[in-house]
Amino acid sequence: MSRPAARPDDEREFVKEIPSKAEHFSDWYTAVVLKAELADYYPVRGCIVVRPYGYTIWELIQQGLDRRFKATGHVNAYFPLFIPQSFFEREKEHVEGFAPEVAWVTRGGGEELSEPLAVRPTSETAIGHMYARWIRSYRDLPVLINQWCNVVRWEKATRPFLRTMEFLWQEGHTAHRTAEEAEAEARQMLGVYRDFAETDAAIPVLAGRKPESEKFPGAERSYTIEALMPDGQALQSGTSHNLGQNFARAFDIKFLDSDNVEKHAYTTSWGVSWRLLGGMLMVHGDDRGLVLPPALAPFQVVVVPILTGPKRDDVLAAAREVARRVGAVARTRLDDRVEVTPGWKYNDWEMRGVPLRLEIGPRDLAQQQVVLAPRAGGGKQGVPMSGLEQSVPEALAAVRRALFDQAKMYLDAHIVAARSLAEVVEAVAGRRGFVRAVWCGAEACEQAIRRQSGASPRVITEEAADGPCVACGAQAREVVYFARAY
RNA sequence: CGGGGAGUGGCGCAGCUUGGUAGCGCGCAGCGUUCGGGACGCUGAGGCCGAGGGUUCAAGUCCCUCCUCCCCGACCA
């Protein structure tokens with residue numbers, strides 16, 4: 001990415017406002033979230049207020065995902081925030097997995113409740129209960145429902161978007177006639193997540209199956225997309241679970257099949273939270289602030305008129321006209337404020353991550369051009385005013401491509417192959433990213449690697465395994481990627 | 001949850017050791033000059049010093065409790 005000729009004074013001032021991403025990553029993250037007005041703190045631990053600019057990004061994430069959910073046959077519904085304790089305890093692994101982080105309501109209206117209500121940490125149980133009422137026949141299947149909602153998990157350490165006590169997400173819950181259908185659904189949604197992450201968010205991911213120990217509590221198989229953050233840690237960015245018949249048995253989700261035999265349904269669940277937003281900030285941002293992929297940028301284009309000289313009014317009129325025309329092909333904002341200078345606006349919009357800036361001044365007006373300044377992937381260039389309907393979308397596409405390519409190069413460069421346990425330990429210690437290994441998949445081997453390296457197995461891909469297990473030396477069955485994780 | 005750090009106008013900080021009228025920079029408001037990478041001048045507004053208790057003639061400053069945030073670790077689909 002090219003940066004304009006910088007003057008030392010400005011650089012120093014800038015660094016004062018936003019810490020270096022490379023040197024103070026955590027501080028950098030917090031600073032950009034606050035300064036770009038994505039979110040703010042609230043006096044309850046672990047809770048954030050999502051401000052309009054941040055919420056608009058979330059809405060764009062919602063739209064991108066929702067469009068894909070609808071295209072794959074899903075519909076939206078809404079289930080309640082409160083879950084009776086008794087529901088919650090029906091699935092053994094589920095209750096054990098979530099017990100430590102569930103918030104309970106025990107009083108209401110001034111009286112002790114006869115049965116405590118869980119504030120949902122996820123809704124498999126509530127939805128399972130309802131599916132049992134709704135499903136009678138194989139003709140009722142599949143049920144393909146998604147809900148957009150909030151959930152609460154009593155986390156010990158929190159960070160804006162990445163781990164908050166209350167967070168927004170979507171959770172899809174489906175019920176199927178056969179195991180094969182459920183498995184296909186879980187895999188399909190993993191594919192949807194991958195497509196969204198890589199296309200709209202421009203984040204390359206490793207996609208695959210979760211090892212046993214990392215499965216969702218109560219799931220038969222869990223799938224995940226894992227992204228690599230600049231500090232070398234993995235971020236689980238979306239998960240999809242094949243729940244088999246576990247929840248159907250726990251909640252009596254049964255149907256009469258065409259052979260007149262009553263059977264338990266097969267269910268799935270899958271979710272993406274606003275954590276993905278946090279991941280996107282970390283992956284693409286730089287020392288100047290945010291860099292938003294065009295698909296998820298509240299403003300894809302900002303038009304900055306240079307209001308000076310005798311042609312001032314003409315420049316403003318031209319800028320308005322450009323903003324109007326570009327507004328037809330991209331989300332566009334005209335920044336015609338007179339109280340701040342153009343340079344201030346450049347820095348401000350760069351900090352907020354706007355992918356493309358158009359500058360129009362008296363010189364441009366004379367040449368019937370605008371200066372096009374992409375936030376990433378190239379330097380400023382003048383383009384003819386007449387062709388903006390083509391050049392702007394092209395420039396936005398180039399920004400997306402540059403962001404993805406840059407992140408992909410980083411990901412590829414930070415996958416270290418390890419052929420022994422010692423190499424796994426060494427690679428993890430270097431915080432270089434993912435450590436690729438082959439293993440036999442045995443629990444003992446996994447635990448050994450975990451203990452000695454401090455890293456967890458993030459994802460098992462479908463690559464063919466070759467050679468001996470890094471832990472025990474037996475014939476390896478799978479390719480697994482280890483990393484420290486968020 | 002353990003270790004460490006912090007909370008003082010909107011933001012960033014000083015003041016606390018040694019108690020005695022709350023300061024600086026930026027920002028903000030008005031006016032004027034400016035405007036192609038964070039402009040400048042003049043004038044001005046704005047703070048029960050995170051909360052509660054205690055010591056004292058007197059607390060931003062000393063003591064106790066609590067809350068929130070940050071960093072490292074542990075924990076965590």
Side-chain angles (χ1 to χ4, degrees), chain A residues 3-7 9-19 24-31 33-35 37 40-48 93-94 96-102 121-122 124 151 153-160 162-163 165 167 169 171 210-219 221-224 226 236-241 243 269-273 275 288-289 304-309 311-312 315-316 336-351 357 359-366 370-371 373 380 382 454 456 458 484-486:
Chain A
R3 269 162 74 156
R7 297 143 311 147
D9 288 355
D10 284 349
E11 286 303 299
R12 201 177 313 124
E13 185 165 356
F14 195 81
V15 166
K16 201 168 63 185
E17 292 185 19
I18 298 180
H24 305 284
F25 186 60
S26 289
D27 292 335
W28 172 89
Y29 179 79
T30 305
V33 165
L34 296 177
K35 280 190 66 65
E37 297 180 341
D40 203 354
Y41 291 107
Y42 182 77
V44 176
R45 183 175 69 83
C47 293
I48 56 169
E93 286 185 17
H94 193 67
E96 283 175 5
F98 278 103
E101 28 178 14
V102 174
T122 182
E124 277 74 10
V151 290
R153 297 180 187 184
W154 217 258
E155 301 285 358
K156 288 173 179 166
T158 62
R159 303 191 63 195
L162 301 174
R163 174 169 285 110
M165 295 224 303
F167 59 92
W169 76 341
E171 47 179 328
K210 279 283 185 197
E212 284 300 302
S213 61
E214 295 281 320
K215 268 183 355 188
F216 177 77
R221 310 184 88 190
S222 287
Y223 295 96
T224 179
E226 300 279 328
Q236 177 177 298
S237 306
T239 50
S240 178
H241 315 290
L243 305 174
S269 67
W270 26 275
V272 158
S273 77
R275 170 184 264 197
R288 305 181 81 80
V304 178
I306 313 300
L307 301 174
T308 183
K311 295 286 188 185
R312 181 193 173 98
V315 168
L316 183 57
D336 58 359
R337 288 177 290 177
V338 294
E339 65 270 24
V340 289
T341 62
W344 194 94
K345 294 176 184 176
Y346 298 168
N347 285 287
D348 192 49
W349 291 113
E350 282 169 5
M351 186 268 290
R357 179 178 71 243
E359 305 168 11
I360 307 175
R363 295 202 298 268
D364 303 305
L365 197 55
V370 304
V371 171
K380 288 189 187 186
S456 54
R458 304 313 307 162
R484 297 163 63 94
Y486 269 85

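Every chain is numbered from 1, with letters handed out A, B, ... down the list of sequences.
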Please report, rounded to the nearest Å, how far the [atom2] atom of [N] is from the [atom1] atom of [X].
X       : N       : atom1 : atom2 : answer
R363(A) : rC35(B) : CZ    : P     : 12 Å
Y42(A)  : rC70(B) : OH    : P     : 17 Å
M165(A) : rU68(B) : CE    : C1'   : 12 Å
R312(A) : rG36(B) : CZ    : P     : 12 Å
M351(A) : rG37(B) : CE    : P     : 19 Å
W154(A) : rC1(B)  : CH2   : C1'   : 15 Å
R337(A) : rU34(B) : CZ    : C1'   : 17 Å
W28(A)  : rC70(B) : CH2   : P     : 16 Å

Phosphate OP1/OP2 of [N] contacted by [X] side-chain N/O (<4.0 Å):
X       : N       : value
R159(A) : rC70(B) : no
T308(A) : rC35(B) : yes
Y41(A)  : rC70(B) : yes

Across the strands shown, which category fits [X] at heavy-atom distances under 4.0 angstrom: base, sugar-phosphate, nothing?
X       : value
G218(A) : nothing
V371(A) : base
D348(A) : base

> Hey, what do you get for CG (L316(A)) to CD1 (I306(A)), rounding to the nearest 0.5 Å?
Replying inline: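 Those atoms lie 12.0 Å apart.
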Note to self: So, taking the atom named NZ in K345(A) and the one named CZ in R337(A), what distance separates them when rounded to the nearest 0.5 Å?
What the structure shows: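 Reported value, rounded in 0.5 Å steps: 6.5 Å.
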Under 3.5 Å, is there a donor-acceptor pair between the side chain of [X] and the main chain of [Y]?
X       : Y       : answer
D364(A) : G361(A) : yes
S222(A) : K210(A) : no
Y41(A)  : L34(A)  : no
R288(A) : M351(A) : no

task: State whether Y346(A) and R357(A) meet the cation-pi test: NZ (Lys) or CZ (Arg) under 6.0 Å from the six-membered ring centroid, and within 45° of the perpendicular axis.
output: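 Yes, cation above the ring, under 6.0 Å and within 45°.
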Taking the same atom, [atom1], in [N] and in [M], what whole-Å distance lies between them?
N       : M       : atom1 : value
rU43(B) : rU61(B) : C1'   : 34 Å
rU68(B) : rG52(B) : C1'   : 15 Å
rG46(B) : rG27(B) : C1'   : 12 Å
rC70(B) : rC62(B) : C1'   : 26 Å
rG5(B)  : rA77(B) : P     : 31 Å
rG47(B) : rC28(B) : C1'   : 15 Å
rC69(B) : rU34(B) : P     : 49 Å
rG9(B)  : rG15(B) : C1'   : 15 Å

Discussion item. Taking the nucleotide of RNA chain B with the nearest heavy atom to each, does T158(A) or P362(A) sit closer to the 5' end?
Written reply: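 Result: P362(A).
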Comparing nearest nucleotides in RNA chain B, the 5'-proximal residue of the pair K35(A), V44(A) is K35(A)
Base paired to [N] (Watson-Crick or G-U; both N/O distances under 3.5 angstrom):
N       : answer
rC11(B) : rG25(B)
rA6(B)  : rU68(B)
rG41(B) : rC31(B)
rG73(B) : rC1(B)
rG20(B) : rC57(B)

Quick tally for nucleotides 72-77 of chain B: nucleotides whose base has a protein heavy atom under 4.0 Å get B, sugar-phosphate-only ones S, the rest -, giving SSBSBB
Discussion item. For K215(A), is there an ion pair with E93(A) - N to carboxylate O distance below 4.0 angstrom?
Written reply: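 No, this pair does not count.
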| query | If every non-hydrogen atom of Y486(A) is compared with every non-hydrogen atom of R275(A), which pair is closest and at what distance? | reply |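 That would be O-NH2, 4.0 Å.
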* Quick one: the side chain of K380(A) and the base of rG37(B), do they pair up donor-acceptor inside 3.5 Å? ->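 Result: at least one qualifying N/O pair found.
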Polar atoms only, N or O, under 3.5 Å: list the protein pairs with nucleotides 46-52 of chain B and their distances.
none

